[in-house]
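It should be emphasised that the depicted structure is a prediction, and the values quoted were computed from it without experimental measurement. Heavy-atom basis, side chains included; hydrogens, waters and symmetry copies ignored.
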Number of protein chains: 2
Amino acid sequence: MVMQLAEAKAQFIANWGRFGTNWGINRTMAQIHALLLVSADPLSAEDVMEQLSISRGNANMNIRELIDWGLVQKVLFAGERKEFFTAEKDIWKVARQIIKERKKRELDLMLPVLDELSHVEGDKKDKNVKTFTDTIQNIRKFSSQADKVLDTMIKADEHWFIGNLVKMFSGKKD
Amino acid sequence: MVMQLAEAKAQFIANWGRFGTNWGINRTMAQIHALLLVSADPLSAEDVMEQLSISRGNANMNIRELIDWGLVQKVLFAGERKEFFTAEKDIWKVARQIIKERKKRELDLMLPVLDELSHVEGDKKDKNVKTFTDTIQNIRKFSSQADKVLDTMIKADEHWFIGNLVKMFSGKKD
DNA sequence: ATAAACTTTCAAATAATTCTGAAAATTCAG
DNA sequence: CTGAATTTTCAGAATTATTTGAAAGTTTAT
């Protein structure tokens with residue numbers, strides 16, 4: 001079955017919105033992002049309000065949030081008073097930006113907490129103490145490995161990264 | 001500063017819970033998971049209710065959800081009528097299980113939608129049509145690459161996987 | 001079969017999040 | 001400056017998500 005652009009766009013926006021809620025992002029923010037991803041030209045706040053049937057305040061706040069995340073940019077046109085907004089369309093760049101921000105907001109906050117928690121006072125023979133310290137260590141090790149891998153991804157060029165993964169995954173157990 | 005076990009445990013549970021909400025998981029579910037992660041022995045529903053000050057219904061529903069996710073198992077003791085629960089403590093296994101489930105619940109649902117959306121009717125010269133189809137294609141390509149990488153991770157053994165990543169990231173631009 | 005022990009369900013209550021829209025603030029052309 | 005155009009703010013409303021707890025359901029020992 002073949003769709004018209006308007007219907008396909010609506011579908012994409014709805015799905016991207018639903019998807020977003022699984023990632024701690026609110027539905028509207030994800031929908032605005034989706035709308036900008038598939039719009040050829042920058043849109044004004046009014047365009048966004050109309051196309052998604054949302055209020056001015058809501059549009060404003062969520063656009064600001066998208067700008068904070070580095071996923072959307074302001075665009076100004078000569079002679080136009082209004083601000084317009086556009087989204088980065090290269091998905092590899094989008095993914096890297098999201099990884100970068102989430103790492104900053106989550107992993108970088110979690111690591112010091114784990115360090116703190118690894119100094120627990122108590123009898124090493126107590127199995128509850130042992131389980132606690134072992135689990136925290138385990139998480140700490142995992143997290144700092146993830147930290148390194150993510151840092152590399154953030155800096156990586158798409159082709160280099162994907163090329164390496166292909167090499168890695170096609171070579172079986174080498 | 002050195003903490004007592006009880007305090008450290010409370011801190012860990014609180015942080016893991018806060019963390020979870022960024023991942024589309026509700027706070028209580030993440031807290032129960034945290035509690036089980038640092039408990040040496042399996043806990044009963046009552047233990048969970050008491051230690052987290054939550055109701056029976058809440059404990060029951062969230063434990064079931066954790067079981068659905070494959071992160072928690074029921075444990076029965078001979079002669080005991082009550083059910084007990086325990087969590088997998090190896091974080092690499094936990095991460096793989098989460099990847100597996102999220103892939104099933106998200107990526108596997110998204111891919112067919114993207115396929116559907118890639119058949120848009122319309123003038124190829126229309127830049128809105130072009131932007132739409134290009135963006136969808138871009139996302140599709142990215143998603144199916146991610147799909148392959150995640151499948152490999154799900155099957156991978158920790159040492160093989162980490163070993164390869166280290167090789168990949170220490171070799172610079174080879 | 002009975003009943004105690006335990007688990008599950010789910011309607012209603014509560015809490016958390018998101019959204020609205022009008023007012024305040026800002027910007028800028030004239 | 002002035003005031004029209006535009007953006008930002010935020011208290012209250014609306015919506016959505018989570019939690020409670022009592023009743024219903026299930027299991028098992030006797």
Can you tell me the distance, in whole Å, between the CG atom of B:N26 and the P atom of D:dT16?
18 Å

Is A:D134 paired with A:K130 through a side-chain N to carboxylate O contact shorter than 4.0 Å?
yes

Check whether NZ of the Lys or CZ of the Arg B:R27 lies under 6.0 Å from the centre of the six-membered ring of B:W16 and within 45 degrees of that ring's axis.
no

Here the side-chain hydrogen bond (donor to acceptor under 3.5 Å, both in side chains) pairs for residues 83-98 of chain A, sequence neighbours left out, are A:K74-A:E83

Using a 6.0 Å distance limit plus a 45 degree cone around the ring axis, check whether A:R64 lies over the aromatic ring of A:W69.
no

From CD1 of B:I67 across to C1' of C:dT7 the rounded distance in Å is 12 Å

Out of D:dT9, D:dT20, C:dT7, which nucleotide sits closest to the side chain of A:N60?
D:dT9

Close side-chain approach of B:F77 and B:P42, heavy atoms under 4.5 Å
yes

Find the distance B:N22:CG to C:dA16:C1' and express it as a whole number of Å.
15 Å

Using the side-chain heavy atoms of B:S55, tell me which of these nucleotides is nearest: D:dT20, C:dT20, C:dT8.
D:dT20

Among the candidates C:dG21, D:dT8, D:dT19, find the nucleotide nearest to the side-chain atoms of B:N62.
D:dT19

Both B:A45 and A:G24 contact DNA chain C. Which one's nearest nucleotide lies toward the 5' end?
B:A45

State whether the side chain of A:T135 and the backbone N or O of B:L37 hold a donor-acceptor pair below 3.5 Å, judged by distance alone.
yes

On DNA chain C, nearest-nucleotide positions of B:F84 versus A:S53: which is more 5'?
B:F84

Within this structure, what is the CD1-to-C1' distance between B:I63 and C:dT8, rounded to whole angstrom?
12 Å

Of B:K141, B:K103, B:K104, B:R140, which is the lone residue that meets salt bridge (Lys or Arg N to Asp or Glu O under 4.0 Å) with B:D147?
B:K103

Can you tell me the distance, in whole Å, between the CE atom of B:M61 and the P atom of C:dA12?
16 Å

The answer to which of A:N58 and A:T21 contacts DNA chain D further toward the 5' end, by nearest nucleotide, is A:N58

Pick the closest DNA chain D nucleotide for A:G57 and for A:R27 by heavy atoms, then say which residue is nearer the 5' end.
A:G57

Output the rounded distance in Å from CE (B:M49) to P (C:dC6).
12 Å

Grab the CD-P distance between B:E80 and C:dA4 for me, whole Å please.
19 Å

Quickly work out the B:E65 CD to C:dT9 P distance and round it to whole Å.
12 Å

Identify all pairs in which a protein N or O lies below 3.5 Å from an N or O of nucleotides 23-26 of chain D, and state each distance.
none

Given C:dC19, is OP1 or OP2 found less than 4.0 Å from the side-chain N or O atoms of A:T28?
yes

